[in-house]
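Some notes on the structure that comes next.
A quick note: this is a predicted structure, and the numbers were derived from the prediction, not measured. Computed over heavy atoms, backbone and side chain alike; hydrogens, waters and symmetry mates excluded.
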Amino acid sequence: MARLKLGYAPTRRFTFSAEDAYKYKVLIRQKMESFGMDIEIVDLEGLNQEGLLYDDHINADAIARRFQDERVDAVFFPHCNFGTEDTVARVAKAIGKPTLLWGPRDEAPLEDGMRLRDTQCGLFATGKVLRRFNVPFTYITNSRVDDPVFERGFTNFVAAANVVKAFKSLRILQIGPRPTSFWTMICNEGELLERFGIELHPITLVDIQRAAKRIETGNSSELAAAIDYIKEKLDYSEVTEEDVLRIASLKVAMKQYAVNNNCTAIAIQCWSSLQDAMGIMPCLANAILTDEQIPVTCETDIHGAITSVMVQAATMNTAPTFFADLTIRHPDNPNGELLFHCGNFPVSLSVEEKPKLRKHFLFDDHAPGTHEGEIRGGDMTLARFDGDHGEYSIFLGKAKGIQGPYTRGSYVWVEVNDWPLWEEKLVKGPYVHHAVGIHANAIPAIYEACNYIPGLTPDPVDPTENEIRAWLRGAGL
């Protein structure tokens with residue numbers, strides 16, 4: 001994905017110190033850059049001598065035009081003193097993107113009793129005016145530039161804005177309809193488009209079969225690279241060279257379809273017509289593409305693909321997702337659960353140095369193409385976007401890897417805080433047996449992103465909403 005563009009509009013008011021406001025404009029910019037986030041900052045330099053938002057020298061229209069021309073994905077209005085609340089609100093309304101409100105904490109009054117900035121007072125004013133303009137916004141507690149609260153709030157806002165950006169540009173390559181017996185995978189394509197602007201690009205299994213066959217009989221560099229990757233990263237001794245060729249060809253075909261049609265995720269009917277047509281499972285192809293930041297979900301799970309993109313974006317696309325069945329409870333741990341799928345977890349997450357490329361162990365045809373083995377544990381987020389009856393929510397919870405019995409397929413055993421609570425919430429819905437995992441804390445960013453996605457309700461189980469809000473205010477620092 002392209003880097004997130006952040007509009008930077010530091011603001012001041014004429015009745016307070018212009019010199020101090022300018023000083024803080026520079027300090028805040030330096031601090032943002034020190035966080036090491038891969039973002040592009042679009043500022044106000046050149047629009048006036050100070051590069052600050054204030055009514056005396058620059059109006060809302062000029063600032064809005066700059067941000068619109070630069071196609072910013074979010075806007076930050078640090079109040080370097082009291083600030084100009086009406087201009088801030090006009091710009092935020094015109095841009096219509098995630099909006100961040102914060103200001104650096106004031107110093108003590110001078111010896112003569114004068115105050116230089118009154119930043120906190122201005123934040124109260126701007127918050128009210130943003131509400132009047134019906135602008136949703138994120139707020140970071142008034143804190144010093146070097147305070148960890150600012151860093152936590154800023155980085156989480158940027159990640160949330162990245163989720164919103166990814167969500168609002170979602171286009172999913174749908175390869176085949178859902179499996180006949182999987183009623184759980186029913187989704188409302190029209191409603192996804194009408195409510196969220198999410199587009200599906202459907203193709204048939206015949207389309208992907210023909211594309212893969214064309215690639216298989218060619219000699220492209222993409223195919224050669226896919227074959228080399230499989231042979232280098234996996235133990236493929238249980239399958240044939242022809243199997244490797246067909247799996248690599250399918251991977252290349254899927255990626256070409258996604259890239260050429262501007263799709264950011266894929267949902268594929270992985271069984272059983274594909275095995276009849278091509279003689280392979282797509283699991284490893286799915287795994288490789290997910291590692292390449294094009295997440296692929298099994299059994300034509302459209303809602304799972306949406307979840308994958310959101311979770312991936314919440315980490316600024318720095319970690320791969322994995323798409324799993326919630327399968328069985330741990331035999332000994334009452335809060336343990338098996339996350340499993342036939343063989344589609346990213347290769348980069350494998351515990352083994354060379355995990356196995358195998359034949360499917362469940363289906364009668366035992367088609368080759370499953371990437372099997374345990375993946376690493378550690379702390380992770382589990383999430384699920386879903387809905388029915390016109391209402392949509394996203395389940396959010398944290399888990400950690402634990403030891404558990406060996407099983408076939410791709411898998412990891414995890415422990416959560418209260419599995420019976422999770423199970424009840426998942427069964428009663430609107431969720432299903434599929435979830436998306438990632439080895440990162442994506443929960444606060446996704447929670448905040450829902451503030452900017454009308455019609456999507458965050459549904460956290462652990463941590464709770466109150467705990468997430470407390471964390472954003474600095475709890476635990």
Side-chain angles (χ1 to χ4, degrees), residues 184 283 287 290 297-299 301 304 307-308 311 314-315 319-353 355-356 358 361-362 370-386 393-444 446-447 458-468 470-471 475-476:
T184 47
C283 307
T290 301
T297 56
C298 314
E299 294 146 347
D301 186 349
T307 313
S308 298
V311 170
T315 70
T321 62
F322 62 94
F323 180 72
D325 275 352
L326 301 162
T327 312
I328 63 170
R329 296 182 69 173
H330 194 283
D332 304 311
N333 187 329
N335 290 315
E337 179 73 6
L338 175 64
L339 306 181
F340 152 92
H341 236 135
C342 307
N344 63 322
F345 291 3
V347 178
S348 66
L349 299 179
S350 298
V351 171
E352 295 177 89
E353 185 177 346
K356 291 181 173 59
R358 307 186 72 175
F361 63 96
L362 282 177
T370 59
H371 157 234
E372 295 197 31
E374 185 179 6
I375 64 167
R376 62 183 171 87
D379 294 332
M380 59 188 79
T381 295
L382 300 181
R384 175 72 192 184
F385 169 97
D386 223 318
S393 58
I394 183 163
F395 176 94
L396 299 166
K398 62 183 181 180
K400 63 179 180 180
I402 58 173
Q403 294 296 313
Y406 165 76
T407 187
R408 292 291 302 269
S410 298
Y411 73 96
V412 62
W413 292 91
V414 298
E415 181 181 45
V416 303
N417 66 324
D418 184 350
W419 177 257
L421 173 65
W422 282 51
E423 183 176 296
E424 179 180 350
K425 184 180 279 284
L426 290 164
V427 170
K428 295 187 76 171
Y431 310 109
V432 297
H433 62 292
H434 287 169
V436 174
I438 197 163
H439 290 79
N441 181 13
I443 294 172
I446 295 174
Y447 176 86
D459 189 13
V461 62
D462 179 33
T464 64
E465 284 198 62
N466 287 338
E467 288 170 336
I468 294 170
W471 183 87

Separation of [Y] [atom2] from [X] [atom1] (nearest 0.5 Å):
| X | Y | atom1 | atom2 | value |
| --- | --- | --- | --- | --- |
| Leu349 | Glu374 | CG | CD | 11.5 Å |
| Thr297 | Phe322 | OG1 | CZ | 14.5 Å |
| Thr370 | Arg358 | OG1 | CZ | 7.5 Å |
| Asp462 | Leu421 | CG | CG | 9.0 Å |

Legend entry - Partner residues of Cys298 under the side chain to side chain contact (heavy atoms under 4.5 Å, CB included) criterion, sequence neighbours left out: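 For Cys298 the side chain to side chain contact (heavy atoms under 4.5 Å, CB included) partners, ignoring immediate neighbours, are Cys270, Asn286, Phe323, His341, Asn344.
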Inset, instruction - Indicate whether any N or O donor in one side chain lies under 3.5 Å from an N or O acceptor in the other, for His434 and Glu299. - result: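 Indeed, the side chains of His434 and Glu299 share at least one donor-acceptor pair under 3.5 Å.
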Inset, instruction - Decide whether Asn417 and Trp422 meet the rule of one side-chain donor and one side-chain acceptor closer than 3.5 Å. - result: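 Side chains of Asn417 and Trp422: pair found under 3.5 Å.
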On a heavy-atom basis, which atom in [X] and which in [Y] lie closest, and how many Å separate them?
| X | Y | answer |
| --- | --- | --- |
| Ile468 | Ile443 | CD1-CG2, 3.7 Å |
| Gly397 | Val461 | CA-CG1, 4.0 Å |
| Ala314 | Ile446 | CB-CG1, 3.8 Å |
| Phe361 | Cys342 | CE2-O, 4.3 Å |
| Asn441 | Pro444 | OD1-CD, 3.2 Å |
| Glu337 | Leu326 | OE2-C, 3.4 Å |

Legend entry - Crowding at NZ, Lys356 (>12 non-hydrogen neighbours, <6.0 Å):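 Incorrect, the count does not exceed 12.
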Check: [X] side chain, [Y] main-chain N or O, donor-acceptor pair, under 3.5 Å:
| X | Y | result |
| --- | --- | --- |
| Arg329 | Asn335 | no |
| Thr307 | Phe385 | yes |
| His439 | Arg376 | yes |
| Thr381 | Ala440 | yes |
| Glu467 | Thr464 | yes |

Legend entry - Carboxylate-amine/guanidinium proximity below 4.0 Å for Asp459 and Arg384: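 A salt bridge is absent here (no side-chain N lies under 4.0 Å from a carboxylate O).
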Legend entry - side chain to side chain contact (heavy atoms under 4.5 Å, CB included) between Ser393 and Tyr431, intermediate numbers included: CA-CA 9 Å; Ser393 58; Tyr431 310 109; 2.7 Å; yes
Inset, instruction - Starting from the C-alpha separation in whole Å, work towards a yes-or-no answer on side chain to side chain contact (heavy atoms under 4.5 Å, CB included) for Met380 and Val414. - result: CA-CA 9 Å; Met380 59 188 79; Val414 298; 3.7 Å; yes
Inset, instruction - Carefully, step by step, assess Trp413 and Asn333 under the rule side chain to side chain donor-acceptor pair (under 3.5 Å). - result: CA-CA 10 Å; Trp413 292 91; Asn333 187 329; over 6 Å; no
Legend entry - Close aromatic pair by centroid cut-off 6.0 Å: Phe340 and Tyr411: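 Aromatic pair excluded; centres sit 6.0 Å or further apart.
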Inset, instruction - Apply side chain to side chain donor-acceptor pair (under 3.5 Å) to Ser350 and His371, showing your working. - result: CA-CA 10 Å; Ser350 298; His371 157 234; 3.1 Å; yes
Just list the side-chain donor-acceptor pairs under 3.5 Å for residues 399-409, sequence neighbours left out, or say none.
{"from": "Arg408", "atom 1": "NE", "to": "Glu372", "atom 2": "OE1", "distance (Å)": "2.7"}
{"from": "Arg408", "atom 1": "NH2", "to": "Glu372", "atom 2": "OE2", "distance (Å)": "2.9"}

Inset, instruction - Would you check if Pro320 and Ile438 make a side-chain contact, meaning some heavy-atom pair closer than 4.5 Å? - result: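 No, too far: nothing below the 4.5 Å cut-off.
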Inset, instruction - Could you go through the side chain to side chain contact (heavy atoms under 4.5 Å, CB included) check for Leu339 and Asp325 one step at a time? - result: CA-CA 6 Å; Leu339 306 181; Asp325 275 352; over 6 Å; no
Inset, instruction - Check the pair Leu382 / Val436 against side chain to side chain contact (heavy atoms under 4.5 Å, CB included), numbers first and verdict last. - result: CA-CA 6 Å; Leu382 300 181; Val436 174; over 6 Å; no
